[in-house]
There are 2 protein chains.
Amino acid sequence: MSAPRQPLCKLATAVHHLLLCSLAALSVSADAKVHHHTWDIAYHYKSLDCVNKLAVTINGESPGPTIRATQGDTVVVTVRNSLETENTGIHWHGIRQVGSPWADGTVGVTQCPILPGDTFTYRFVVDRPGTYFYHAHYGMQRVAGLDGMLVVSVPDGVAEPFAYDEDRTVLLMDWWHKSVYEQAVGLASDPLVFVGEPQSLLINGRGVFEPFHCSRAPSASGCSSAPRPAAGCAPPALFTAVPGKTYRLRVGSLTSLSALNFAIEGHSMTVVEADGHYVRPVVVDSLYIYSGESYSVLLTADQDPSRNYWAASHVVARERNTTSAMAILSYAGNDPRAPPPTPRPEGPAWDDARPRLEQSRSLAVAHPDHVVPVPPRPDRALLLLNTQNRIGGHIRWAINGVSLAFPATPYLVSIKRGLRGAYDDQRPPPDTYDYRSYDIASPPTANGTVASKVYRLALGSVVDVVLQNTVALNNKSETHPWHLHGHDFWVLAYGDDGKKFDPERDTNKFNLRDPVMKNTVALHPRGWTAVRFVADNPGVWLFHCHIEAHVYMGMGLVFEEGVDKVGRLPKSIMGCGRSRT
Amino acid sequence: MSAPRQPLCKLATAVHHLLLCSLAALSVSADAKVHHHTWDIAYHYKSLDCVNKLAVTINGESPGPTIRATQGDTVVVTVRNSLETENTGIHWHGIRQVGSPWADGTVGVTQCPILPGDTFTYRFVVDRPGTYFYHAHYGMQRVAGLDGMLVVSVPDGVAEPFAYDEDRTVLLMDWWHKSVYEQAVGLASDPLVFVGEPQSLLINGRGVFEPFHCSRAPSASGCSSAPRPAAGCAPPALFTAVPGKTYRLRVGSLTSLSALNFAIEGHSMTVVEADGHYVRPVVVDSLYIYSGESYSVLLTADQDPSRNYWAASHVVARERNTTSAMAILSYAGNDPRAPPPTPRPEGPAWDDARPRLEQSRSLAVAHPDHVVPVPPRPDRALLLLNTQNRIGGHIRWAINGVSLAFPATPYLVSIKRGLRGAYDDQRPPPDTYDYRSYDIASPPTANGTVASKVYRLALGSVVDVVLQNTVALNNKSETHPWHLHGHDFWVLAYGDDGKKFDPERDTNKFNLRDPVMKNTVALHPRGWTAVRFVADNPGVWLFHCHIEAHVYMGMGLVFEEGVDKVGRLPKSIMGCGRSRT
């Protein structure tokens, strides 16, 4: 797959893009490098949490290697699929793919899946510094462990609005012993069989499986027959800190289900980056992080250097039935695996939603020197009601009554080629819902449809999206981290718990002065979240809840903009549905 | 997928084909029907042996429905792949696909896999009466339960050389609780993790999981924690017989690993058909049957009608660590589920190879009125040494030192289009081996290669294949049922246990007078098997051991003949490797 390189700024249509483009222009400097990676994707037995099970690996490892590049560089990843009979596709989470919409890796949206025995090459420019990811984007395959981090540094000589000595990556995950197939078939069954809580949490791909009730109460019923970790299975080392040094931890979550709280015992952290954007620095004792989000936090090794410290990841927002993950921050000179002398941290109460909402709000402000001006008003506003519906005997998630199903032919191909009927193109999905009369605690869940529709956006238009949460069929309301492909958005406001968004009343709550930009944002229980973006990236882009079970059950939608401006599509993205050329 | 129908006899090149063609000519009679089937292939939780696990199903069932048609009819099966992220392909086992080589369903050989969300239509003529199968032919996917039977009747007015009142199908399988992925990854690992013995045997898709050692010795160690079948889990009914009537049982084996012995307590059986060909009738107390074989046996309900009888399937040829499958033959008027008053049959000794070889020989003779004349001599003879090799750190099966790996592009497309290098086309695989100097008990296992090669045969030529068995790396010698796609072969001879085939000495042992034709033949431990066929079916055809683990590990080879005579290939078989058009 290759395509002519496009000038990165030719799509800029508004003054507020100048900053982005001036940074992006660096990407075509003489120093820009091309980073080649060759990956073999295969199943291997791995013991990520001390229990041996199949994982989808990259060159035998899960998670895969951290890709490192400098702003403006080109990353080329040649992916060979050595899975047995299963396809794959890899998404570069946070990379906007300006000029390369076919490299987004979203099977069903931007490409056909990569078949076993086939090789596919992703080639894209990393046009902005920041902390990003990659992961499988096909069915629920991410659950199987095909993921990793992608770190883009600023070029030499470019200053960031904070200082540190070294950086480290911290990838947070949750982990199941059931296969992806078992999970997906359960979700598609009637009655639905939920995936359940994860067996373990992982930090940098390592954890310790230990049934929660047994670790808390070893004599409890069932504990005698519970699996026991293998001897030698112990919390992994996080990294070794040199006293006095300051570290930039690039913390990312690719959980499949869990919202997390991450903390390092005895150390505060200063949040300085979110999803590739500099935030107004906030000092926190612990970081709430949702699947698809990344943060950089600064940590100074200023504590007693004669001992080690726990780094902990805890489930929040769902009843905690999974043992928290522990890793060890050691100080130089200590045994890096020596357990800290203190009890393992318990973490915050899982069901206290208030500090989570407060932290979301505190981190929604851009660094004062890096405010990207937000357009003052939208050209189009989408009010999206998130509901859990029963449709045709199955439980599905729906947005304004439409539950997303991916078409056999990738949208990008269908739209570019004008293939009528290759997706549900007869009626567009609704821009709004009856926001006056519905009840958050008893939302409309009848009359939903499962469909492959598209929101077609005018190229260059400014779009507001207000996500409104409700309760699910079990009367609980979950946290949904919504992730937008191909763009960043300004985070304008988070509504209060239990409050309906009213466009006449609530738009004046939007922060139009200094909102941070992100690509993933939390929709808190019974709340609403408002974002704004410019539809300036020709292509077709998924916008979805980053919980694997939720997007599998339809919690997503698709935007199209300016596909007529997209260059010739590579043949390598075709071969499925009606895209056989 | 559709193609112009070709006259079925235009490929006949020799006098001995006149019989086949005269029968085939019936297929274009005015009575020929088209049978349409629409199948949705999806994972579902099924309890085939009373343990709930994922199975690949057809319209929710495993095994799938029996397809019934009359000689000369056309079968059209529209397959929609609703597997999550996994492809599929379905082979019509025993159907030669004369004029439709692209419909053989062999992924990597005759087509690309069918992608999730895609629909593929198989269309073929069933040109000969007999008992056949269908099953997945992609990776080891057949293990997951995608299979069923295909019965072709003679047209009205055509007599068969035996009489019966009604027919019944009896599909034999073995069944694992591990997924296909777990099995395949183990086989590809170093050190190899074998799939192990099946958890259960199934008769018509039903069995009872019952750990062998516990059922035999309930107090044995480990039995207390062994899974117990659910209440109500009991041997299934086979069918209800009316006293005095004669039944044609169409018995087929689609085991993944196991050789079987099938018997019905108190009843002898007369074998009358093998793989679609009439055999000289042989009365047996029990039938040895290997994966990929089908037999029709006549059974007369001539026993005490006041009770029921066990129908039993037992593992043979491998140490029996799997509980035998039991079903119930009831007599009309009895409770069809009432267990027989007698103990469950034990079956023959698993390790007594002599009666198996003897039965193979006794069933290798055609019915005297249905002898298909065999050409007196071959144009080409292939001597194929079956060995288990260690190649590149992995244990593989090899034929004359070549271990088959399927190419990313189907052979049929590569060869038809002359795509150089799409498979290992630089050197052909060897026709023979050093049959004078090797040792069956210590065969050559070094210097093997994993490759995707092809034996290219002259169209219309007569080909002999002598398969020579040896011992594997564990010093044991297994039974390998070899199955040929696209053709039947004459079974000329089975060698004795421990005897090397010597072409100068042993060709005079061939039965050239009245050999039966088959499509699957057993290669017995430390023995040899000789078959002959006419390469008269333009296309590319797999020839392989029908044990899933063995073909996965390379125990197969590929024949090509007359691909230049194959019509325009349907686009629907393309889309993978270099076959994107």
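Letters A, B, ... mirror the listed sequences (proteins, then strands); counts begin at 1.
Residue A:Phe406 does not touch chain B at all, counting heavy-atom pairs closer than 4.5 Å.
Your options are A:Glu84, A:Lys53, A:Met140, and the one with the most heavy-atom pairs under 4.5 Å with chain B is A:Glu84. Chain A forms more heavy-atom pairs under 4.5 Å with one residue of B:Tyr138, B:Tyr181, B:Tyr43, B:Tyr45 than with any other, namely B:Tyr181. Note on B:Ala42, B:Cys576, B:Ser189: by heavy-atom pairs under 4.5 Å with chain A, the leading option is B:Cys576. For the set B:Leu54, B:Thr85, B:Leu115, B:Asn87, the entry with the most heavy-atom pairs within less than 4.5 Å of chain A is B:Thr85.
Between the side chain of B:Arg578 and the backbone N or O of B:Arg420 there is at least one donor-acceptor pair closer than 3.5 Å.
The shortest distance between side-chain heavy atoms of A:Phe194 and A:Leu187 falls below 4.5 Å.
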| request: Please test B:Ile41 against B:Val79 for side chain to side chain contact (heavy atoms under 4.5 Å, CB included), starting from the C-alpha separation and ending with a verdict. | output: CA-CA 7 Å; B:Ile41 309 299; B:Val79 175; 3.5 Å; yes

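For A:His485 and A:His544, the ring centers sit closer than 6.0 Å to each other. Here B:Trp39 and B:Tyr134 bring their ring centres to under 6.0 angstrom of each other.
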